[in-house]
Amino acid sequence: MHVQPTFITTPIYYVNAQPHLGHAYTTIAADVYARHMRQRGEDVFFLTGTDEHGDKNARVAAEQGLTPQQFVDGSSAAFRRMTNAVLATQDFFIRTTDAGHMAFVQRFLQTLKDNGHVYEGVYEGLYCTGCEAFYKEEDLPGGLCPDHGTKPEWLQESNWFFRLSAFQEPLLAHYDADPAFVRPAARWNEARSFIAGGLEDVSLSRASIEWGVPLPWAPDQTCYVWFDALLNYASALTYARPGEDLTERYWPPRWQLLAKDILKFHAVIWPAMLLAAGYALPQRLMIHGYLTVRDTKMSKSLGNVLDPFAVIDRYGVDALRYYLLRDVRFGGDGGISYDAVHERYHAELANDLGNLLNRVTAMIGKYRDGIVPDAQCEPGIAAAIALASESVARHVHALELTEALDAAWVVVRDLNRLVEDRAPWTLAKEPARADELDTVLYTLADGTRACAILLAAVLPDSAPRMLAALGASDALDWGQAVANALPAGARIAAAGPLFPRIEEPLGGDAN
RNA sequence: GGCGGAGUAGCUCAGUUGGUUAGAGCAGCGGAAUCAUAAUCCGCGUGUCGUAGGUUCGAGUCCUACCUCCGCUACCA
């Protein structure tokens, strides 16, 4: 098989806030893609991490009596714990305070300048000394700073600017040449019309902020945090493996995942930066929607967070991963709730899938002493597996993760239906039909095994347990996503419910 | 204001390039079965497809206007 390099990224998370479900959501989606592609034998590099510069962090650190570095060390660790908790398999966890990243940012900025895309200019606006930040007039109710209640002053600051305007035409050309550059199509539209509406140059430095990467030619200024942050996608490859530059191997990213609130930075400024420095553009940007609770955007300040750690504690990590991808069509907005987690967990994971494994292993235990009989998978189920394998692969490749789950679930339903249609308990009473029973039992065991392969990227905790219960190989490669891969004579080793029923739902007020 | 989305069964949503009786899951009602985590399987939906027009042999699917909700409208990230 031809091994393809596959580079996939999540945004790096701004450490000013605590990790919440929104962060976990993007990370899980990217991880499903990465795991799936590894199953397919591709050479995957999955990148996530934290964005740590900027004035906000410096101020919060000061409030807590910490140095900025101490503060971001602690916050970044919290994000790394979240990443681990959802079983993400990133190949590198980048921090923008890494020396390797900061050195790359400086080199990159110097390249932009050498290429003639950077000039010195004046940024002016309303400036609040308390916030140490510029504001737009419409963001100041009553003309006063919302945080400090003071009147901002009109300030001018000398800054270095990135000639974004020069890339309007090249960006439009790229968009028109590749209508799939940004997915879903509605976001492509949104980004393209923004570009077509005219691009202004943007300042890429700050004179008043110290917590950042100094400009190489003007160390009194620091790199604007968004430039700093976006560059992580490229910088990581240069130093993730000491002594090795992975850029040649993995650049450009096949998929970059992000939520729609940061579309403009990724779909306009980021590609312009890459063009300016002579980099190939990412192949695809996937813009997913918001998870909403009672029609309100998920956000901690609104106090309506659905706590990913609580879901993991109560239902298990696979339940969280499954739920998020199943209940909200990936790419769109969708409502979530603890009640819905509870329902999906029981109706689909426990009743459909967990119970399937349980009844299949129980019957093989009862009718064949726990030994998988020597038989062939029934053609109908074999065909369903083949169809699902193709369909799941196609959908995951396009990051249509909800559709991929649907495609895999068809087999789960088919197998439950097969149990009813063939009624093994009846066959078991008729010794003359032993061959028939062998075929049914083998089909059920083999089909359930195939489901584990199909779902392994979403259910990394449960899939290996399914395989173990069926006495199957623990290999997860996509070549196993076919019928008749379970060896006859395999010994069943059932071990309790895969997804035990949960009496008490989470929530209360959050529902 | 401008640009862009969305409005489809009680709920959550699918509905490619316009074409047979508009679909799925959940919930609800009825039934079957008993291997299983009381799980499973089968059957049951006349919905003014936001409103009013228009184009067409034919529109949820294209056009116009309007109503409602939402996002973006650039340097906190």
Side-chain angles (χ1 to χ4, degrees), chain A residues 11-17 51-57 59 123 125 128 131-136 138-139 147 159 161-162 164 184-206 209 224-229 260-265 268-269 289-290 292 295 297 326-329 332-337 339-340 343-344 346-367 402-403 406 409 413 415-428 440-441 444 494 496-502:
Chain A
I12 51 174
Y13 305 119
Y14 199 62
V15 295
N16 188 46
D51 177 13
E52 306 183 11
H53 286 129
D55 192 51
K56 272 191 182 178
N57 289 325
R59 274 191 285 138
Y123 185 84
C128 170
C131 300
E132 297 183 15
F134 284 94
Y135 282 100
K136 290 195 304 176
E138 54 265 36
D139 294 332
D147 288 347
N159 280 157
F161 281 72
F162 171 56
L164 180 64
R187 299 297 163 206
W188 181 93
N189 256 332
E190 191 173 327
R192 193 194 178 284
S193 15
F194 180 82
I195 297 166
L199 296 180
E200 297 172 14
D201 294 343
V202 290
S203 64
L204 58 68
S205 71
R206 293 290 182 275
I209 293 173
Y224 171 43
V225 280
W226 259 111
F227 277 72
D228 177 2
K260 61 188 184 183
D261 57 334
I262 51 178
L263 172 68
K264 194 169 48 196
F265 294 99
V268 181
I269 296 177
Y290 290 143
T292 60
D295 295 329
K297 177 189 167 188
R326 179 66 181 81
D327 206 35
V328 179
R329 186 157 181 263
D333 289 349
I336 56 169
S337 69
D339 282 347
E343 283 175 21
R344 292 266 187 208
H346 288 99
E348 296 171 15
L349 290 177
N351 296 354
D352 286 349
L353 183 61
N355 184 54
L356 171 67
L357 177 71
N358 204 32
R359 65 200 309 210
V360 168
T361 54
M363 285 188 285
I364 292 175
K366 184 171 288 191
Y367 304 137
T402 307
E403 290 82 349
D406 282 342
W409 224 255
R413 292 181 200 280
L415 290 169
N416 273 317
R417 189 174 301 115
L418 185 76
V419 177
E420 306 300 326
D421 288 349
R422 297 292 192 275
W425 48 92
T426 302
L427 296 175
V440 172
L441 293 178
L444 291 171
L498 196 61
F499 299 102
R501 305 194 73 76
I502 306 296

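A note on names: the letters A, B, ... follow the listed sequences, proteins ahead of strands, and every chain is numbered from 1.
Residue A:Leu498 is classed as a base contact, given a heavy-atom separation below 4.0 Å to a base. At the heavy-atom level, A:Leu199 lies under 4.0 Å from base atoms of the strands shown. Residue A:Asp352 is classed as a sugar-phosphate contact, given heavy-atom separations below 4.0 Å to backbone atoms only. Nucleic acid contact class of A:Gly198 (heavy atoms, under 4.0 Å, all strands): base. Residue contacts shown for A:Gly354 include a base, since a base heavy atom lies under 4.0 Å away. Within 4.0 Å (heavy atoms only), A:Ser193 reaches sugar-phosphate atoms of the nucleic acid but no base atom. Residue contacts for A:Asn57: at a heavy-atom cut-off of 4.0 Å it reaches no nucleic acid atom on any strand shown.
Side-chain atoms of A:Arg417 stay outside donor-acceptor range of the base of B:C42, with no qualifying N/O pair under 3.5 Å.
Residue A:Arg206 places its side chain closer to B:C75 than to any other of B:A74, B:C75, B:C35. Side-chain atoms of A:Tyr123 lie closest to B:C75 of the nucleotides B:U37, B:U34, B:C75. Checking B:C72, B:U37, B:C41 against every side-chain atom of A:Glu190, the shortest atom distance belongs to B:C72. When the nucleotides B:C41, B:A74, B:G4 are ranked by their closest atom to the side chain of A:Glu200, B:A74 comes out on top. Proximity note for A:Asn355 (side chain, C-beta onward) versus B:U40, B:A74, B:G71: the nearest is B:U40. Nearest to the side chain of A:Trp425, among B:U73, B:U40, B:A33, sits B:A33. The side chain of A:Phe499 lies closest to B:U37 when the candidates are B:A77, B:A39, B:U37. When each of B:A74, B:C75, B:C76 is scored by its nearest atom to the side-chain atoms of A:Val225, the top-ranked nucleotide is B:C76. Closest contact between the side chain of A:Phe194 and the listed nucleotides B:A74, B:A36, B:U34 involves B:A74. Nearest to the side chain of A:Asn358, among B:A36, B:C75, B:U73, sits B:A36.
Atom CZ of A:Arg192 and atom P of B:G2 are 20 Å apart (whole Å). The CZ-C1' distance, from A:Arg422 to B:U40, rounds to 16 Å in whole Å. Remark: C1' of B:U40 and CG of A:Leu349 are 16 Å apart, rounded to the nearest angstrom. Distance CG (A:Leu444) to P (B:C35): 14 Å, rounded to an integer number of Å. Atom CG in A:Asp339 sits about 12 Å away from atom C1' in B:C11, given to the nearest Å. If you take CG of A:Asp421 and P of B:A32, they are 17 Å apart, rounded to a whole angstrom. Distance, A:Phe265 CZ to B:C72 C1': 12 Å, rounded to whole Å. Distance A:Lys56 NZ to B:C76 C1': 4 Å, rounded to the nearest Å.
As rounded to the nearest Å, B:U40 and B:C35 have C1' atoms that lie 10 Å from one another. On the P atoms, B:G60 is 13 Å away from B:U48, given to the nearest whole Å. Here, B:A9 and B:G47 have their P atoms 11 Å apart, quoted to the whole Å. Distance noted for atom C1' between B:C49 and B:A14: 13 Å (whole Å). B:G4 and B:C62 have their P atoms separated by 15 Å, given to the nearest Å. If you take atom P in B:G2 and the same atom in B:U61, they sit 24 Å apart, rounded to whole Å. Comparing the C1' positions of B:A32 and B:C70 gives a spacing of 47 Å, expressed to the nearest Å. Of the P atoms belonging to B:G15 and B:A24, the separation is 15 Å, rounded to the nearest Å.
A sub-4.0 Å separation between OP1 or OP2 of B:G4 and a side-chain N or O of A:Arg187 is absent. Regarding contacts with the backbone of B:A36, a side-chain N or O of A:Lys366 is found under 4.0 angstrom from either OP1 or OP2. An OP1 or OP2 oxygen of B:U40 is reached within less than 4.0 angstrom by a side-chain nitrogen or oxygen of A:Asn351. In this structure, A:Tyr224 reaches the B:A77 phosphate: one of its side-chain N or O atoms is under 4.0 Å from OP1 or OP2. Considering only side-chain N and O atoms, A:Asn189 lies nowhere under 4.0 angstrom from the phosphate OP1 or OP2 of B:C3. For A:Arg501 and B:A39, the shortest distance from a side-chain N or O to OP1 or OP2 is below 4.0 Å. At B:C72, none of the side-chain N or O atoms of A:Lys260 fall inside 4.0 Å of OP1 or OP2 (strictly under the cut-off).
Using a distance-only test at 3.5 Å, with no hydrogens or angles considered, a donor-acceptor pair links the side chain of A:His346 to the main chain of A:Ile502. Under the 3.5 Å distance criterion, the side-chain polar atoms of A:Asp51 are left unmatched by any main-chain donor or acceptor of A:Ile12. Looking only at distances, no side-chain donor or acceptor of A:Asp228 sits under 3.5 Å from a matching main-chain atom of A:Tyr224. Panel note: side chain A:Asp201, backbone A:Leu164; a donor-acceptor pair is recorded below 3.5 Å. For the pair A:Asn416 (side chain) and A:Asp352 (backbone), a donor-acceptor distance under 3.5 Å is present.
The 5' end of RNA chain B is approached more closely, in terms of each residue's nearest nucleotide, by A:Glu403 than by the other of A:Glu348 and A:Glu403. Both A:Arg326 and A:Thr426 lie close to RNA chain B; mapped to their nearest nucleotides by heavy-atom distance, the more 5′-ward contact belongs to A:Arg326.
Side-chain contact, A:Asn16 with A:Arg59: no donor N or O sits under 3.5 Å from an acceptor N or O.
With respect to the salt-bridge test (charged N to carboxylate O, under 4.0 angstrom), the residues A:Asp406 and A:Arg326 qualify. At a threshold of 4.0 Å, the pair A:Glu420-A:Arg417 does not count as salt-bridged, since none of the basic side-chain nitrogens sits closer than that to a carboxylate oxygen.
Secondary-structure annotation of RNA chain B gives the stems B:1-7 with B:67-73, B:10-13 with B:23-26, B:28-32 with B:40-44, B:50-54 with B:62-66, with a stem taken as at least 3 successive Watson-Crick or G-U pairs whose two distances both fall under 3.5 Å.
Atoms OG1 and CG, from A:Thr361 and A:Leu444 in turn, are 11.0 Å apart once rounded to the nearest 0.5 Å.
In this structure, A:Trp226 and A:Phe265 have parallel ring planes: the angle between them is below the 30° cut-off, well short of the 60° mark.
Listed by chain and number, the residues in a side chain to side chain donor-acceptor pair (under 3.5 Å) with A:Glu343 amount to none (sequence neighbours excluded).
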